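Below you'll find the structure, written out as structure tokens, and then a few comments.
All of these numbers come straight from a predicted model, not from anything done at the bench. We use all heavy atoms of the structure for the numbers below, so side chains are in, but hydrogens, waters and symmetry mates are not.
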Amino acid sequence: MKYPVSEEKTPWDSWYKEGNIQFIKAPTQAELIVAYYGTVYDIEVSDTQTVEDCDPGYPCGEFYIVKVKENDSAEMRDLGWTVFRND
């Protein structure tokens, strides 16, 4: 699944700023993504990374890429993620 990196706050950044979770040290984006989706939606996220990707008809951009179980894919799409095709 992929989610665009942007200047706007992500849902997991907003959640972290609200103080709903504490980390010993400042978390990485990958740690926040895993914690947010695991805690709020009970979705197991793995293999989090940031990549450059281009979709036909759209400009290239930077995206967060994660792996989730197939049965969580529809919920992730509802939450703003799209399918990442690594051809």
Side-chain angles (χ1 to χ4, degrees):
M1 306 295 304
K2 73 179 184 179
Y3 192 92
V5 173
S6 70
E7 298 297 318
E8 298 175 25
K9 283 198 179 191
T10 61
W12 51 89
D13 284 327
S14 297
W15 174 73
Y16 179 59
K17 297 283 188 231
E18 291 171 0
N20 294 325
I21 190 166
Q22 298 293 314
F23 288 86
I24 294 172
K25 62 179 183 148
T28 64
Q29 285 294 300
E31 290 168 332
L32 276 178
I33 291 169
V34 170
Y36 174 70
Y37 287 99
T39 302
V40 176
Y41 297 101
D42 197 29
I43 296 174
E44 184 179 328
V45 172
S46 62
D47 296 332
T48 304
Q49 55 186 300
T50 305
V51 299
E52 287 285 328
D53 189 41
C54 297
D55 282 333
Y58 295 94
C60 294
E62 191 173 17
F63 294 87
Y64 298 108
I65 304 297
V66 300
K67 287 186 182 178
V68 297
K69 294 178 182 172
E70 185 66 34
N71 60 332
D72 290 326
S73 294
E75 186 172 6
M76 290 294 278
R77 283 192 300 275
D78 290 344
L79 295 169
W81 291 76
T82 57
V83 175
F84 176 66
R85 305 248 186 253
N86 191 7
D87 299 331

Can you check whether Glu70's main-chain N or O pairs, donor with acceptor, with Ser73's side chain at less than 3.5 Å? yes
What residues, two or more places apart in sequence or in another chain, satisfy side chain to side chain donor-acceptor pair (under 3.5 Å) together with Tyr16? none
Quick one: do Tyr41 and Val68 end up in the same hydrophobic cluster if we chain Ile, Leu, Val, Met, Phe, Trp and Tyr together by side-chain heavy atoms under 4.5 Å apart? yes
Can you tell me how far the CG atom of Asp13 sits from the CD atom of Glu18, to the nearest 0.5 Å? 11.0 Å
Separation of Thr10 OG1 from Gln29 CD (nearest 0.5 Å): 5.5 Å
Quick one: are Phe23 and Leu32 in side-chain contact, heavy atoms under 4.5 Å? yes
Would you mind reporting whether Lys67 and Met1 have side-chain heavy atoms less than 4.5 Å apart? no
Just checking, Lys2 and Phe63: is the charged tip under 6.0 Å from the six-membered ring centre and within 45° of the axis? yes
Could I get the full list of side chain to side chain donor-acceptor pair (under 3.5 Å) partners for Trp15, not counting sequence neighbours? none
Glu31 to Ala26 - nearest heavy-atom pair and separation: OE1-O, 4.4 Å
In terms of heavy-atom contacts, does CD of Glu44 have more than 12 from other residues, nucleotides or ligands at under 6.0 Å? no
Hydrophobic clustering (ILVMFWY, side-chain heavy atoms < 4.5 Å, transitive) - are Val40 and Leu79 grouped together? yes
Yes or no on side chain to side chain contact (heavy atoms under 4.5 Å, CB included) for Thr50 and Ile65, after CA distance, side-chain angles and deciding distance? CA-CA 6 Å; Thr50 305; Ile65 304 297; over 6 Å; no
Check this for me: Asp42, atom CG, are more than 12 non-hydrogen atoms of other residues, nucleotides or ligands nearer than 6.0 Å? no
If you compare all heavy atoms of Ile21 against all heavy atoms of Ala35, which two are closest, and at what distance to 0.1 Å? CD1-CB, 3.7 Å
For Glu62, the salt bridge (Lys or Arg N to Asp or Glu O under 4.0 Å) test, sequence neighbours excluded, returns none
The reported gap from CE in Met76 to CD1 in Ile43 (rounded to nearest 0.5 angstrom) is 5.5 Å
If you compare all heavy atoms of Tyr3 against all heavy atoms of Gly80, which two are closest, and at what distance to 0.1 Å? CD1-O, 3.7 Å
Determine, using ring centers only, whether Tyr64 and Trp12 are less than 6.0 Å apart. yes
Heavy atoms of Val66 and Ile33 approach each other most closely as CG1-CG2, 4.0 Å
